[in-house]
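This report concerns only the one structure given below.
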Amino acid sequence: MYKDVSSKVDFIKLEHKQLKFWEKQKTFDKLREQNKDGERWSFLDGPITANNPMGVHHAWGRTLKDVFNRYHSMLGQKMRYQNGFDCQGLWVEVEVEKELGFKSKTDIEKYGIEKFVQACKDRVKKYSKVQTEQSKRLGYWMDWENSYFTMADENNYTIWHFLKKCYERNLIYKGHDVMPWCPKCGSAMSEHEIATEGYKDLTHPTIFAKFYLKDRPKEALLVWTTTPWTLAANTAAAVNVDLKYVKVKQNDEYYYLAKNLTDILNGEYEIIEEFTGDKLLGLKYTGPFDELPAQKGVVHKVIRWDEVSEDDGTGIVHIAPGCGKEDFALSKENDISVIAPINEFGIYLDGFGELTGKNAQKIASEIFATLKSKEILYKRDQITHRYPTCWRHGTELVFRLVDEWFISMDVLREEIKKVVGEITWIPSWGYDREIDWLNNMSDWMISKKRYWGLSLPIWECDECHNFEVIGGKDELKERVVDGWEQFEGKSPHKPYIDNLKIKCSKCGAKMNRIPDVGNPWLDAGIVPFSTMNYISDHDYWEKWFPADFITESLPGQFRNWFYVLLAMSTVLENTAPFKTVLGHALVRDEKGKDMHKSAGNSIPFQEAADKMGVDVMRWIYSAHNPEHNLNFGYKIAKDARKKMLTLWNIYSFYITYAEIDSYDPTKNKITNDDLTELDKWVLSKTFQFVEKAKKNYDEYKIGRLMRDFEVLIDNISNWYVRRSRRRFWKSENDTDKYCAYHTLFLSLKTMILTMAPVIPFVTDEIYQNIVLSVDKKAPESIHLNSFPKIEKDLIDEKLSAKIDTIIKMVGLGRASRDKKNLRIRQPLGKIFLKLKNEHEKEFVLDLKDQILGELNIKNLEIVDNVDEFLNYEVKLNFALLGKKIGKGIKTVAKALETIDTDELVEKIKTGESIFINDVKIAPNEFIIDIKEKKDYSAIESNGYFAIIETTITNELKEEGIVRDLIRNIQTLRKEADFNVEDRIMLGIKTCKSIDDAIKNNKEYLKTETLTKSINKEVEIVDIEKEIKLNGESINISIQKVERG
RNA sequence: GCUUGGGUAGCUUAGUUGGUUAAAGCACUCGACUUAUAAUCGAGAGAUCGGUUGUUCAAAUCAACCCCCAAGUACCA
């Protein structure tokens, strides 16, 4: 009837079997069919970059996604199950460049943009397939045929629609500004990119230079710079008008600098004059590179800047408006020239003399030499500071004046912040974090001078500098005046789209598309619209928007996915695109270190799946508090596997005996009234668990769910099954036995149904055997079942408390046996228990037999006073008292010996302080030791006492001997490969005392070992062994007889 | 620097609105069991809950300050 279950389970093999089963049976399709009319639950998948195989960190997020999807499908809800792949952007370009061995943009241009873009598309296709297969292996149930790709036309054109909206609101502008720039990428870096992993501590050479004042020979401003290469672009010097400055004399020259920064001066100096910064304003000076053609006609002067501080340098700041953001801003406020010295690869442009054609970042020493020869170098030094670098190349960024496109955040910021409040953030501090980012976020740079990505739909007029944004494919077609035939049928990517011209609505000239691609986060941010057919099927979109739930890795997404989702949704609909977000932290290695391929501690998903199995992985992910980083590895996998094995063992135990007795749960006639208290208890625990589980799933707290589950399987395994074993073993098929089967079956089934979303493989395997083997009408997979109903009638709080008391008392009893090395097999006469209240007394008396059975003790008595079993010994707490009374403690200790201990204990217990030799001693300054009297073993815990009588009578001793004998016989039966239910004949040859023991416990021995008769020897010896017991030898021989 | 989160046993973590003697798993020590067995079970030891001060009858929990860790954010000359 049932399928045999090995207790040596291979979870990984089982998972592969299950995967095949689901595929063959199209279980997932059946599930969707089953729920097609259900209430909608909208989950939105954050796209995974389809650029490499999955790592174990991806599996965490995907497990969470799957767990909640599965839970909601068990509630009968209808879902979209759409997975997403992130396709466009520099990430992919980087990998393709590596593949092709490219070093710079020039290599790409040579190779051909069309071919390069195709290679990017191909890479995405390749890895989206790999990730799809890996996700399936994880048990992630999604509509894999219909994953969305952010490179899809629908996605790109919906972004156009969004950009058009921004354009209509006047939010899009072309910024002519200084941006952090990577000379290797040949591209500007946006704020998101630098913030992520940009800043590094770097040491740079610094220069103190002398800027001689015009018309004041021998007088110079001292300025400081950490970027010597920018000196060639200097056009001004800035001071803070409120700071104190000084003019100092050194040798025969005069220098100006901030009063509080004179420490930087070399050697002796004399202060000539002191004044505030405004006195310096407007002074003209000779720039350090005035002879360069690029500097021709530039008037260098001192300007005002309130940000100048006295923390570093000289208090006079070198200003190069073509090389610094603030500098550039100052150039707009003041009438100073702007010089942009370098090209996109960081090379000096024409007009910089000797410097032209040289790499700006590698000429510090040349600059020193030049300044020195001009005698305007004051001194050099170095500084270690945090400096922005490229996340991709690690190269130091330069600051370069460029044209980039931006979405203005000034107005949007507040609108988005309002929307953020509509969302439930888990953990709740996510809200603050997002607001914090929004407060700090400056305008969003959406352009990138690269190749593979969204083509920004911005057309610019060379004639009148007008620009226009196109909002979709239809509009494009309408506006295009040139090149549509070649474009038709192509995706809106470079290079195809670059040839399209439209007519300028202002001057009528032909407009060109700007060559830039878009920020890839636009791609991911639009998905609540594009994938839900915002434009093509608005009805559908309205049904699924906003998403009920998203879950992603926390740290980065506040400024990435969450941010762009919010920004785009605010512009388009002024509402949040999701209701609840669950964030999870990062995966680390077992020691808590970052996983890196280069460090050799990273675990690819595939390896983990092959070695530990995905149920184990899912268990680990689910059990972890997602707020904290997860230390992932094979050691914690072993722990999780062990817990899963406990579940498996309960199952395997059930099957072993249910099979022997041909128990069929569908023919069950047991009613609740038939059940024993223990049965009721375990069912109560089970349904209490279901009740809490539902709440935990609903609140996205599966860490708690897993903890409760672990406690439950421990309860079932270590108490219910252990206490009930005999009911399963016994030969009569009575109601009591069926109650046990019924209970274990119901509990197990309920439990696996509750846990199916978390560990879908092992639960389906168990389900198919315990349920499907006997009930052909049941759904063919556990995943086609509903979430279990909470049987309130079966929940009994009082009963739970009752059994918990019993378990506690048994624990104490064991401890007191342990203390005197009295093994469980040796029966003992009596145990005394001291409890705390009447309830507990009632519980214990009621379930006295269970305690006695569990502890192998004959009698139990509840006592209120334990004094007759115990002696107290009172000592001083030297650690505490020593500090207080110092030397006197010795005399106090002596005096203590003369005081009656019992009286003292009495007083201490009431909390009275005691005076010894006029020293007041508080109760906690005593240490009370409990020593049980002879013939007792006592254990105290939290005011509960368990005291056992340790005297062993002859009768008890004999019983102990027989128990030992039974154990040996059982071992022999096993060695001889007898079945559990085989009957035997027993031959025992031994001394008289043991013979007597057997005689006095004959029936007991026979029942336990399924023995028909006991003699000195048997006719046919199936197995025989000589053992030693209590120093006497025993010869045991066994013969198997036919059953019956 | 600023913002947020955190610091609980050797390790990884629980600890819901303050409320008896701070919980679990792993590791460790000892023991039991041998009909869930390349399993299983029990017991023990182990924490002044980062520090100091305060509020309170009562603080791991609330407040203030300080010290560490993580994340975010700002960084210029």
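Computed from heavy atoms alone, side chains included, the values below leave out hydrogens, waters and symmetry copies. Lettering follows sequence order; numbering is per chain, from 1.
OP1 and OP2 of B/A36 both lie 4.0 Å or more from every side-chain N or O belonging to A/Arg722. For the pair A/Thr226 and B/A77, the criterion of a side-chain N or O lying under 4.0 Å from OP1 or OP2 is met. Listed pair A/Asn625 / B/U13 fails the phosphate criterion, with no side-chain N or O lying under 4.0 Å from OP1 or OP2. Applying the 4.0 Å criterion to OP1 and OP2 of B/A39, one finds that A/Asn649 has every side-chain N and O outside that range. The phosphate of B/A23 has neither OP1 nor OP2 within less than 4.0 Å of any side-chain N or O from A/Arg707. Contact annotation: A/Arg559 side-chain N/O to B/U73 OP1/OP2 distance is under 4.0 Å. In this structure, A/His628 reaches the B/A14 phosphate: one of its side-chain N or O atoms is under 4.0 Å from OP1 or OP2.
The separation of B/U8 from B/A47, taken at their P atoms, amounts to 14 Å, rounded to a whole angstrom. For the C1' atom pair drawn from B/A27 and B/U37, the interatomic distance equals 24 Å after rounding to whole Å. With both ends at atom P, the span from B/A64 to B/A71 equals 25 Å, rounded to whole Å. For the P atoms, the distance from B/U29 to B/A36 is 27 Å, rounded to whole Å.
Nucleotides of RNA chain B nearest to A/Lys643 and A/Leu586 differ in position, and the one nearer the 5' end is that of A/Lys643.
The side chain of A/Thr227 has B/A77 as its nearest neighbour among B/A36, B/G5, B/A77. Listed nucleotides B/A43, B/A71, B/A36 differ in distance to A/Ala815; the shortest reach to its side chain belongs to B/A43.
Regarding A/Glu590, its CD atom lies at a distance of 12 Å from the P atom of B/U12, rounded to whole Å. Here the P atom of nucleotide B/G72 and the CH2 atom of A/Trp561 are 19 Å apart, to the nearest Å. For A/Ile713 and B/A36, the CD1 to C1' distance is 14 Å, given to the nearest whole Å. For the pair A/Ile716 CD1 and B/U40 P, the computed distance is 17 Å after rounding to whole Å.
To the nearest 0.5 Å, the span separating CG on A/Leu330 from CZ on A/Phe328 amounts to 11.0 Å.
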Worked verdict on A/Lys3 versus A/Glu659 for salt bridge (charged side-chain N to carboxylate O under 4.0 Å, His left out): CA-CA 8 Å; A/Lys3 191 181 69 181; A/Glu659 178 62 19; over 6 Å; no

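A heavy-atom distance below 4.5 Å is not found between the side chains of A/Ser622 and A/Leu705. Looking at A/Arg433 and A/Trp425, their side chains never come closer than 4.5 Å, going by heavy atoms from C-beta outward.
Here the rule is ring-ring contact (aromatic ring centres under 6.0 Å, His included) with A/Phe728, and of A/Tyr720, A/Phe745, A/Tyr654, A/Phe653 only A/Phe653 fits it.
With a cut-off of 3.5 Å on both pairing distances, the Watson-Crick or G-U wobble partner of B/G1 is B/U73.
Interface remark: the A/Thr314 side chain does not form any donor-acceptor pair with the B/A77 base, using a distance-only criterion of under 3.5 Å.
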